[in-house]
> 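Have a look at this one.
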Amino acid sequence: MTEIAVDAYDPTAVELKWQSRWEERGTNRVDLAGSGRPFYNLMMFPYPSAEGLHVGNVFAFTGADIYGRFRRLRGDHVFQPFGFDAFGIHSENFALKVGIHPAELIPRNIARFRTQVKRVGIMTDWRYELSTTDPGYYKWTQWVFLQLFNAGLVSRRRGAVNWCPRDKTVLANEQVIAGRCERCDSLVEVRFLDQWYCAITRYADRLLDHLETLDWSQSTRLLQTNWIGRSEGAELVFETPGGQRITVFTTRPDTVYGATYLVLAPEHALVDTITTAEQRNAVNGYKREVAARDIVSRKVGDKEKTGVFTGAYARNPATGASVPIWIADYVLMEYGSGAIMAVPGHDERDFDFASRYKLPIPRVVAGPEQDAKTPLTRAESDIQGGRLVNSGEFDGMAWAEAKTRITERLAGKGLGKAARTYRLHDWCISRQRYWGPPIPIIYCDEHGPVAVPERDLPVLLPMVTDTRPDDSGISPLARHESWYRAPCPICGKPGRRETDVSDTFLDSSWYFLRYPSADRSDVPFDAQLTKKWLPVTSYIGGNEHAVLHLLYSRFVTMALHDMGRLGFEEPFARFRAHGTIVKDGAKMSKSRGNVVVPEPYIDQWGADTFRMYLMFLGPYQEGGDFRDAGISGIRRFLDKVWGLIRSAQSPQSPQEDKALTRLMHRTIEKVTIDTESLSYNTAIASMMEYVNALRDGSPSRAHIEPLVLMLAPYAPHFAEECWERLGCTGSVMDARWPAYDADAGQEQTAVVVVQVNGKVRARLTLPRATSQADAIKAALADAGVRKFIDGVEVKKVVFVPDKLVSLVV
RNA sequence: GCCCGGGUGACGGAAUGGCAGACGUAGCGGACUUAAAAUCCGCGGGGGGCAACCCCGUGUGGGUUCGAGUCCCACCCCGGGCACCA
């Protein structure tokens with residue numbers, strides 16, 4: 001027979017008790033109109049997958065929750081809402097797989113998720129819950145679309161798009177990873193289709209320049225910087241005898257004297273115009289060949305470069321020489337102007353191409369050991385620096401200076417200007433799928449695409465049973481004539497609704513604006529509440545959204561600001577990227593079969609233990625490897641605290657344990673600083689040290705109460721129960737974080753290390769703030785030290801107060 | 001190829017240029033128990049020594065410094081991002 005200790009810590013009972021208490025007492029409710037320091041603590045809302053909460057979700061939410069609870073205890077007025085990003089391909093694909101309509105499946109998943117999130121103890125005021133699939137929400141997503149449309153920031157145009165053959169929809173550039181669909185990993189195809197684009201590139205400079213001033217994780221800022229990919233250089237114009245002006249973008253205008261040919265992307269608009277009759281067959285053949293190839297084989301470098309001559313020539317604006325114009329697939333239409341000046345002497349790719357087609361490779365830049373005649377090698381073509389040669393009047397000029405001078409000179413002739421170009425492309429936001437907000441546009445033969453009037457929003461997504469996407473390049477909604485027939489809002493003549501839906505990332509690009517106004521149906525976001533609560537004070541989430549959600553949200557916020565609808569340009573004052581939880585060194589994925597589901601752990605150990613365990617795995621901003629081996633350590637820790645609470649309920653000895661008091665102050669200091677910086681693992685470690693000391697010493701209530709308060713963000717149910725058992729009234733979440741006195745935490749003695757020639761030879765326990773003279777005296781008197789200095793001269797002494805004496809002999 | 005982040009006991013990890021390995025896990029020894037679990041006490045980088053102690057040790061090789069896991073240079077490996085971006 002197992003004997004159960006009387007009143008042992010029973011997490012299930014404690015957690016159920018406090019979850020229902022919180023609900024009854026409205027502990028987690030926040031009065032948005034109330035006074036106090038508003039603190040908007042945001043965590044990334046999940047898409048409610050059918051599998052339920054993932055351990056990565058728990059990790060993300062817990063870390064944000066700890067921070068929110070900490071700020072509340074520190075006296076902030078914390079708003080920490082929760083919602084669901086429930087539209088989108090991922091949700092829809094799963095619905096198709098199981099054969100249940102998403103409109104039926106998603107609410108079920110949400111219900112399950114909500115229960116699980118509550119079980120984890122996330123401090124949320126559920127009155128402000130939102131789901132992007134709710135017509136009351138997506139009405140305003142459509143409204144955001146129309147604001148962008150009316151401002152000229154969204155437009156429809158034909159272009160080369162990424163088409164996923166499996167998901168049967170176009171994808172934004174950001175959703176294509178190494179030529180594959182980020183959702184299903186299929187090879188992406190190029191299609192030429194009419195699509196809706198958001199002119200995010202117009203904001204490229206602002207999106208980039210603000211990054212330096214944002215209090216964001218360095219890693220996230222770098223990802224965005226690289227994604228925007230600004231290059232500084234020049235646009236130069238090469239004219240054909242026929243009067244065509246071909247603009248090229250280059251980061252190396254200093255090498256223009258070495259531009260011996262031009263290359264246009266095969267899709268370039270001028271190709272057909274300039275191609276000569278003799279070359280037409282070759283050019284057309286090459287274009288067909290390129291068009292037939294997928295993006296991956298097109299874009300992968302290090303392969304043989306191919307191309308064909310168009311038969312046409314253009315004049316090099318610097319030398320006046322006539323240079324041949326080629327087309328080649330190593331030049332990409334979507335970057336720069338889709339045309340380059342080839343400088344084979346100083347660009348590896350051009351070098352390869354020129355070598356293959358026997359084009360001249362002159363040198364126009366030379367390092368200190370080279371001159372105009374030194375032959376070029378491929379490796380050298382990649383090197384930057386040096387002075388110009390073979391460059392007319394610019395000979396001898398330093399490379400960097402020549403960039404500006406040559407650009408200025410050509411600008412004077414109307415043949416060039418300084419320019420920037422970006423890797424960032426406009427954001428393609430239309431999707432040929434069912435499960436999203438219909439794009440609120442009606443096409444009219446006379447008026448073209450017309451915005452649905454605001455009073456007619458939302459354009460409801462119709463309940464249709466046939467939601468499967470097809471290969472036609474148009475949405476399943478296009479199969480429902482009764483839905484898409486609609487009168488033109490301007491003239492009333494028969495029109496046709498846009499049948500594409502918008503990208504999920506449009507849904508999530510503004511949800512943080514909605515939360516405080518989630519209970520309002522008349523406005524997307526209330527002006528007063530927005531002014532008070534936004535921008536978001538602290539945002540914690542995964543870096544996988546660095547160039548998707550986080551970039552799009554910044555863009556939408558900036559655009560709404562420019563329309564006068566928001567008083568700020570940046571949505572997230574502070575952003576911290578949390579790490580990833582991996583399993584056995586590898587990312588968790590269904591295909592690997594190493595996905596960890598949190599539920600069984602919560603059943604066995606309780607949510608508080610599980611929360612703390614996840615936080616103890618490693619630095620929050622780095623993540624860690626999930627292995628259940630260590631979880632018992634956290635439980636043992638909580639059991640020890642439980643024991644301390646019980647002993648604190650019995651009479652205390654009147655003698656204060658001063659050593660414990662000192663340690664208490666140091667612990668509060670450390671836990672405060674570490675929690676603020678999300679260093680949860682070390683905060684927990686120092687609480688453990690403190691608890692070990694409490695068990696070895698003679699603690700009083702005054703030592704234990706601060707411990708319970710420090711635990712409250714980490715193990716909220718447990719802390720509530722302890723708080724109650726200590727006889728304190730009300731929720732621990734309404735108490736104040738303990739104060740500390742750094743001086744009171746100081747020990748009276750310090751261990752001073754004595755080094756001789758850099759090696760530790762003694763450890764002296766000296767009174768705190770021992771003077772240099774006394775410390776050195778004590779060091780020289782130490783027997784262990786004397787062994788190493790007797791008979792030799794001490795040449796130098798370094799003294800660090802309360803830390804060390806370093807002797808050099 | 002380019003841009004980040006990282007490499008520390010058996011394991012997860014800790015260390016404002018100042019005692020490397022806090023805290024925890026696994027392990028080992030002991031107490032309690034008929035026994036086991038739980039709990040409690042102790043050990044816990046490697047090597048040497050009866051011992052006090054000594055030597056070596058933070059991916060590799062150099063350097064700066066009284067002193068380097070920490071700073072600098074070169075390289076190797078792992079993780080992430082970008083990738084024919086002109």
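Just so it is clear: chains get the letters A, B, ... in the order the sequence lines come, proteins before strands, and each one is counted from 1.
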> Quick one: on RNA chain B, does T251(A) or K803(A) contact a more 5' nucleotide (nearest heavy atom)?
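Closest to the 5' end, via its nearest nucleotide, is K803(A).
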
> Taking only side-chain N and O atoms of K796(A), does any of them lie within less than 4.0 angstrom of OP1 or OP2 on C66(B)?
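Yes, K796(A) has a side-chain N/O under 4.0 Å of OP1/OP2 on C66(B).
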
> Separation of E622(A) atom CD from C4(B) atom C1', in whole Å?
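Computing the E622(A):CD to C4(B):C1' distance gives 13 Å.
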
> Relative to the 5' end of RNA chain B, which residue comes earlier, F616(A) or F788(A), by the nucleotide with the nearest heavy atom?
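The 5'-side residue here is F616(A).
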
> Report yes if at least one side-chain N or O of R761(A) is closer than 4.0 Å to OP1 or OP2 of C55(B); otherwise report no.
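It does, given that an N or O in the side chain of R761(A) lies less than 4.0 Å from OP1 or OP2 of C55(B).
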
> Measure up the F249(A) and Y335(A) rings against each other and bin them: parallel (under 30°), tilted (30 to 60°), perpendicular (over 60°).
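It falls in the perpendicular class, over 60°.
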
> Nearest to the L222(A) side chain among A22(B), C4(B), G13(B), which nucleotide is it?
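Per side-chain heavy atoms of L222(A), the pick is C4(B).
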
> Answer yes if the ring centres of Y620(A) and F59(A) are under 6.0 angstrom apart, and no otherwise.
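So the answer is yes for these two rings.
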
> Report yes if a side-chain nitrogen or oxygen of S231(A) is closer than 4.0 Å to either non-bridging phosphate oxygen (OP1 or OP2) of A86(B); otherwise report no.
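Checking A86(B) against S231(A), a side-chain N or O does come within under 4.0 Å of OP1 or OP2.
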
> So, R635(A) and D639(A), do they make that salt bridge, N to O below 4.0 Å?
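Between D639(A) and R635(A) there is a salt bridge, with a charged N closer than 4.0 Å to a carboxylate O.
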
> Considering only atom C1', compute the distance from G80(B) to C28(B) and round it to an integer number of Å.
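Per the computed distance, 40 Å lies between those C1' atoms.
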
> Are any of the side-chain nitrogens in D625(A) or K583(A) under 4.0 Å away from the carboxylate oxygens of its partner?
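No, this pair does not count.
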
> Using atom CH2 of W216(A) as one end and atom P of G5(B) as the other, report the distance to the nearest whole Å.
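Answer to the nearest Å: 18 Å.
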
> K787(A) side chain: which of C85(B), C53(B), G12(B) is closest?
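Looking only at heavy atoms from C-beta outward on K787(A), the closest nucleotide is C53(B).
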
> Please work out whether the ring planes of H549(A) and H545(A) are parallel, tilted or perpendicular, with thresholds of 30° and 60°.
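Because their plane-to-plane angle is over 60°, the rings of H549(A) and H545(A) count as perpendicular.
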
> Identify which nucleotide among C19(B), G24(B), C84(B) has an atom closest to any side-chain atom of N692(A), counting heavy atoms from C-beta outward.
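Comparing C19(B), G24(B), C84(B) against the side chain of N692(A), the answer is G24(B).
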
> Of the listed nucleotides (C11(B), U25(B), C40(B)), which one gets closest to any side-chain atom of R627(A)?
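Comparing C11(B), U25(B), C40(B) against the side chain of R627(A), the answer is C11(B).
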
> Based on the glycosidic angle (syn within 90° of 0, else anti), state the conformation of G7(B).
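Anti conformation for G7(B).
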
> Measuring from the side chain of T250(A) (C-beta onward, heavy atoms only), which nucleotide among G12(B), C53(B), A86(B) has the closest atom?
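Comparing G12(B), C53(B), A86(B) against the side chain of T250(A), the answer is A86(B).
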
> Indicate, with a heavy-atom threshold strictly under 4.0 Å, whether N543(A) touches base, sugar-phosphate, or nothing.
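Nothing: the residue N543(A), judged by heavy atoms under 4.0 Å, touches no strand.
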
> For the rings on F718(A) and Y9(A), is their centre-to-centre separation under 6.0 Å?
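So the answer is yes for these two rings.
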
> Looking only at atom P, what distance separates G6(B) and G59(B), rounded to whole Å?
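These two P atoms come out 13 Å apart once rounded.
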
> Using Watson-Crick or G-U wobble geometry with both distances under 3.5 Å, which nucleotide pairs with U60(B)?
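The base-pairing partner of U60(B), which may sit in any strand shown, is A74(B).
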
> Rounded to whole Å, how long is the line connecting atom CE of M341(A) with atom P of C85(B)?
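Going from M341(A) (CE) to C85(B) (P), I get 15 Å.
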
> In whole angstrom, give the distance that lies between atom CD of E174(A) and atom P of A83(B).
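It works out to 10 Å between those atoms.
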
> Over 60° means perpendicular and under 30° means parallel, so tell me whether F610(A) and Y601(A) are parallel, tilted or perpendicular.
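Taking Y601(A) first and then F610(A), their aromatic rings lie parallel (interplane angle under 30°).
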
> To the nearest angstrom, how far is L804(A) atom CG from A68(B) atom P?
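After rounding, the gap between these two atoms is 12 Å.
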
> Which whole-number value in Å describes the distance from M612(A) CE to C23(B) P?
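Distance check: M612(A) CE to C23(B) P gives 16 Å.
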
> Expressed as a whole number of angstroms, how long is the span from I228(A):CD1 to C85(B):P?
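One finds 19 Å between P of C85(B) and CD1 of I228(A), rounded.
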
> Both distances below 3.5 Å, Watson-Crick or wobble geometry, any strand: find the nucleotide opposite A22(B).
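Paired with A22(B), as far as the under-3.5 Å criterion goes, is no nucleotide at all.
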
> Taking atom P of A86(B) as reference, at what distance in whole Å does atom OH of Y422(A) sit?
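Answer to the nearest Å: 13 Å.
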
> When you compare G18(B) with A36(B), how far apart are their C1' atoms, in angstrom units rounded to a whole number?
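The same atom, C1', in both gives a distance of 49 Å.
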
> Check every strand shown and say whether Q755(A) touches a base, only sugar-phosphate, or nothing at a heavy-atom separation below 4.0 Å.
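Counting heavy atoms under 4.0 Å across all strands, the contact made by Q755(A) includes a base.
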
> Can you check the distance between A35(B) and G30(B), where both ends of the measurement are the P atom (answer in whole Å)?
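Straight-line distance between the two P atoms is 13 Å.
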
> For C40(B), take OP1 and OP2 only and decide whether either is under 4.0 Å from a side-chain N or O of R695(A).
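It does, given that an N or O in the side chain of R695(A) lies less than 4.0 Å from OP1 or OP2 of C40(B).
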
> Between K759(A) and C56(B), does any side-chain N or O lie under 4.0 Å from OP1 or OP2?
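The answer is yes; a side-chain N or O of K759(A) sits under 4.0 Å from OP1 or OP2.
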
> The side chain of V808(A) is closest to which nucleotide in this list: C85(B), C66(B), A86(B)?
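Nearest listed nucleotide: C66(B).
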
> Select one nucleotide: of A20(B), C54(B), G18(B), the one nearest the side-chain heavy atoms of V760(A).
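When the side chain of V760(A) is considered, A20(B) is the closest of A20(B), C54(B), G18(B).
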
> Nearest to the R636(A) side chain among U39(B), A86(B), C66(B), which nucleotide is it?
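Selected nucleotide: U39(B).
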
> By nearest atom, which of the nucleotides C23(B), A86(B), U25(B) is closest to the S632(A) side chain?
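Nearest to the side chain of S632(A) among the choices is U25(B).
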
> For nucleotides G57(B) and G47(B), find the distance between their C1' atoms and express it as a whole number of Å.
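The same atom, C1', in both gives a distance of 11 Å.
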
> Distance check, P atoms only: G9(B) and U60(B), in whole angstrom units.
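Between the two P atoms, the distance is 10 Å.
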
> Quote, to the nearest angstrom, the P distance that separates C66(B) from C11(B).
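Those two atoms are separated by 36 Å.
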
> What's V797(A) touching, base or sugar-phosphate or nothing? Going by heavy atoms closer than 4.0 Å.
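The answer is nothing, as V797(A) stays clear of every strand by at least 4.0 Å.
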
> If we take the C1' atom in both G45(B) and U8(B), what is their distance in whole Å?
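Their C1' atoms lie roughly 10 Å apart.
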
> What does G79(B) pair with, Watson-Crick or G-U, if both distances are under 3.5 Å?
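Check on G79(B): paired to C4(B), both distances under 3.5 Å.
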
> The side chain of P619(A) lies closest to which of these nucleotides: G24(B), G13(B), G67(B)?
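Among the listed nucleotides, the one closest to the side chain of P619(A) is G13(B).
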
> Is R768(A) salt-bridged to E747(A), cutoff N-O under 4.0 Å?
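No, no charged N to carboxylate O under 4.0 Å.
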
